[in-house]
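Take a look at the following structure, please.
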Number of protein chains: 2
Amino acid sequence: MRAIDYAGVLKHQPIFSQFTPAECEELLAYCTPHNLVKNENLFQQGETATGFYVVVHGRIKLALQAPRGAEKVVEIVTDGGSFGEAAMFLAKPYPVLAQALCESLVIFVRGEFIFARIASDPQFARSMLCVLSHQLHALIADVESYSLKSATERIAAFVLKESARRSSDQITLALSKYVLASRLSITPETLSRALHQMSNRGLVEVDGRKIRILDRPQLHEMLQPA
Amino acid sequence: MRAIDYAGVLKHQPIFSQFTPAECEELLAYCTPHNLVKNENLFQQGETATGFYVVVHGRIKLALQAPRGAEKVVEIVTDGGSFGEAAMFLAKPYPVLAQALCESLVIFVRGEFIFARIASDPQFARSMLCVLSHQLHALIADVESYSLKSATERIAAFVLKESARRSSDQITLALSKYVLASRLSITPETLSRALHQMSNRGLVEVDGRKIRILDRPQLHEMLQPA
DNA sequence: CGAATGATTGAAATTAGTCAAGCCTTGTGG
DNA sequence: CCACAAGGCTTGACTAATTTCAATCATTCG
């Protein structure tokens, strides 16, 4: 078993792409890798943040927890993504729970390094500002979706977005339908029913976790002004 | 009519509080003040951002617009607040509409200046990162509210938060109930009914736009685990 | 004063959630 | 290799929360 070249791994993360190999070596001293098994928690809602996380590979679920086991999945972070920056900058508790949906490798980066780097590298500061700005806009898009679209419309939007991301009419859910439903702020039952209904209308073809788009124009029309 | 000392005004905005008077003078060259009348639009959803805005005084509504006149109020920005930073950093369109709810003075700050300042002043970069982080966490709190709380609970939470902000049991809505309802993602009708119900239960006393908290413990309990 | 806007109220409709049962995989251990 | 347990998914019937529609009432402010 050979040691992983974590410095090399860091170099390949979008957020550190401007770093030289030497800088990655330096950064490494402030990093802690975490190998997570499926369903393992990385941190709980409420734990105070002293750094943030980069997802090397895998899928990390960020979720809000409510009494009686209810939860709301806010985001699924995948390869190359990061999370926890905002809590780090504010030195506040993480507002969400982070849990691995599958075997994942994430790297914890101590805030200490980031703060120093920002002080010395304005370009890096710009990158972090862009990362946070992206996250903010993504959340606003979610709020728009929750507030102004019906359950079926949200599902249609999701299918189209996934399809665009993979440049394919055929998408395979990397998530259980339970998690997807929570991400879309609906119940699994509603998701199931809505997919069936879309299937009956000939918009999509559903086979387990595979969804194929049959009538893209019609699907788009569902999201347009009435 | 005497010219307003905008440099002095800038100095008093939280986001520029670290600036020296000389720096504020310099900043001023990149600023454009806007006096807005009630209901005046500052920008439309979709306009490309080349800077951001600071609210000197007044109330600016940020809202998502949907077909058929529907809209969702995302945030109300008040004195000392700012908005549009994320769109500026991404050089993307504003995802929301900005409209004055009352006569307001806002100052537009060109991104050009901010970018230069970030390059030369790491402390300022930190400030901007904190501002964005705050906005992100505020949005997550909203998502939590929308997803995991009932309409009545959201109203109770709002009343308590307003009361805390003013350190008083008595709050006076600075918003029309229509705008407040949209902010809480409910309809005005539901807001009206819920307030009445809370009033009937002796939790609050409602008189037009004045709300007085009568039973704070009970109100808190509504937000706790069942 | 009177139009316009905002707020309230009631009744009906609708969406989505809840509860409960059953089904279908999938993986595991006998 | 089969059987069964477990989880994930689907389905149906019912319920509940909130919205919609419509009408009325109040307020404000030209």
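Labels below follow one simple rule: chain letters A, B, ... track the order of the sequence lines, proteins then strands, and each chain is numbered from 1.
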Using modelled atom types and a 3.5 Å cut-off, is there a donor and acceptor pairing between side-chain atoms of A:Lys11 and backbone atoms of A:Ser17?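 At least one qualifying donor-acceptor pair exists.
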
Residues in ring pair (Phe, Tyr, Trp, His ring centres under 6.0 Å) with B:Tyr30, at least two apart? B:Phe113

Mind checking what makes side chain to side chain donor-acceptor pair (under 3.5 Å) contact with A:Glu162, not counting sequence neighbours?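 By the side chain to side chain donor-acceptor pair (under 3.5 Å) rule, A:Glu162 matches A:Arg165, A:Arg166.
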
Integer-rounded Å distance: C:dA4 P and B:Lys38 NZ: 16 Å

Taking B:Val73's backbone N and O only, do any of them form a donor-acceptor pair with B:Ser182's side chain (distance below 3.5 Å, no angle check)?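 Confirmed, B:Ser182 side chain pairs with B:Val73 backbone.
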
What parts of residues 201-213 of chain A reach DNA chain D, counting only heavy atoms under 4.0 Å away? A:Arg209

Looking at every non-hydrogen atom in both residues, tell me the closest pair between A:Lys72 and A:Ser185 and how far apart they are.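 Of all heavy-atom pairs spanning A:Lys72 and A:Ser185, the closest is NZ-OG, 3.0 Å.
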
Is the shortest side-chain heavy-atom distance between A:Ile155 and A:Ile186 below 4.5 Å? yes

Just the rounded figure in Å: distance from C1' of D:dA17 to CG of B:Leu148.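 In whole Å, D:dA17 C1' and B:Leu148 CG are 16 Å from each other.
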
Mind jotting down which residue pairs meet the side chain to side chain donor-acceptor pair (under 3.5 Å) criterion with at least one end in residues 41-60 of chain B? Sequence neighbours excluded, please.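 Output for this query lists B:Asn41-B:Gln99.
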
Scan residues 173-189 of chain B against DNA chain D and write down, sorted by residue number, each residue with any heavy atom closer than 4.0 Å; if none is found, say none.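 Heavy-atom cutoff 4.0 Å gives B:Ser185, B:Ile186, B:Thr187, B:Glu189.
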
Residues in side chain to side chain donor-acceptor pair (under 3.5 Å) contact with A:Ser163, at least two apart in sequence or another chain: A:Arg216

Need the bend value for the helix from C:dC1-D:dG30 to C:dG30-D:dC1: angle between end axes, 5 pairs each end, nearest 10°. 30°

Side chain to side chain donor-acceptor pair (under 3.5 Å) partners of B:Glu85, counting only residues at least two apart: B:Ser82, B:Gln135

Using whole Å, report how far CG of A:Asn39 lies from P of D:dA6.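 It is 16 Å, rounded to the nearest whole Å.
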
Check nucleotides 22-29 of chain C against the protein and report each pair of N or O atoms closer than 3.5 Å, with its distance, or say if there are none.
none

Do A:Tyr146 and B:Tyr146 have their ring centres less than 6.0 Å from each other?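 Centroid separation for A:Tyr146 and B:Tyr146: 6.0 Å or greater.
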
N or O in side chain of B:His196 less than 4.0 angstrom from C:dT9 OP1/OP2: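 For C:dT9, OP1 or OP2 has a side-chain N or O of B:His196 closer than 4.0 Å.
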
Expected list for residues 150-161 of chain A near DNA chain C, using heavy atoms below 4.0 Å, is A:Ser150, A:Ala151

To the nearest Å, how far apart are A:Lys72 NZ and C:dG17 P?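 Going from NZ in A:Lys72 over to P in C:dG17 covers 11 Å.
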
Whole Å only: how far is the CG atom of A:Leu191 from the C1' atom of C:dG17? 14 Å

If only atom types and distance count, is the side chain of A:Lys177 paired as donor or acceptor with the main-chain N or O of A:Gly208 below 3.5 Å?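 Answer holds: yes.
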
Please write out each protein N/O paired with an N/O of nucleotides 23-26 of chain D under 3.5 Å, distance rounded to 0.1 Å.
none

Option passing side-chain hydrogen bond (donor to acceptor under 3.5 Å, both in side chains) with A:Gln170 (candidates A:Lys210, A:Arg212, A:Glu205):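 The passing option is A:Arg212.
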
Side-chain donor or acceptor of A:Asp79 paired with backbone N/O of A:Gly58 under 3.5 Å: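 Yes, the answer is positive, given that a donor and an acceptor are paired below the 3.5 Å cut-off.
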
A:Cys130 and B:Leu90: which non-hydrogen atoms are nearest, and at how many Å? O-CD2, 3.8 Å

Is there a donor on the side chain of B:Arg68 or the base of D:dT20 sitting less than 3.5 Å from an acceptor on the other?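 Such a pair does not exist between side chain and base.
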
If I take atom CZ in residue B:Arg193 and atom P in nucleotide C:dA7, what distance separates them, rounded to the nearest angstrom? 15 Å

Contact summary for B:Leu10 and B:Cys24, nearest pair of heavy atoms: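 It is CD1-O, 3.9 Å.
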
Could you report the tightest heavy-atom contact between B:Phe43 and B:Leu97, atom names first, then the distance?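 In this case the closest contact between B:Phe43 and B:Leu97 is O-CD1, 3.3 Å.
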
Backbone of B:Leu129 reached by a side-chain donor or acceptor of B:Ser133 within 3.5 Å: yes

Excluding sequence neighbours, so at least two apart, what forms salt bridge (Lys or Arg N to Asp or Glu O under 4.0 Å) with A:Arg183?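 Applying salt bridge (Lys or Arg N to Asp or Glu O under 4.0 Å) to A:Arg183 gives A:Glu75, A:Asp142.
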
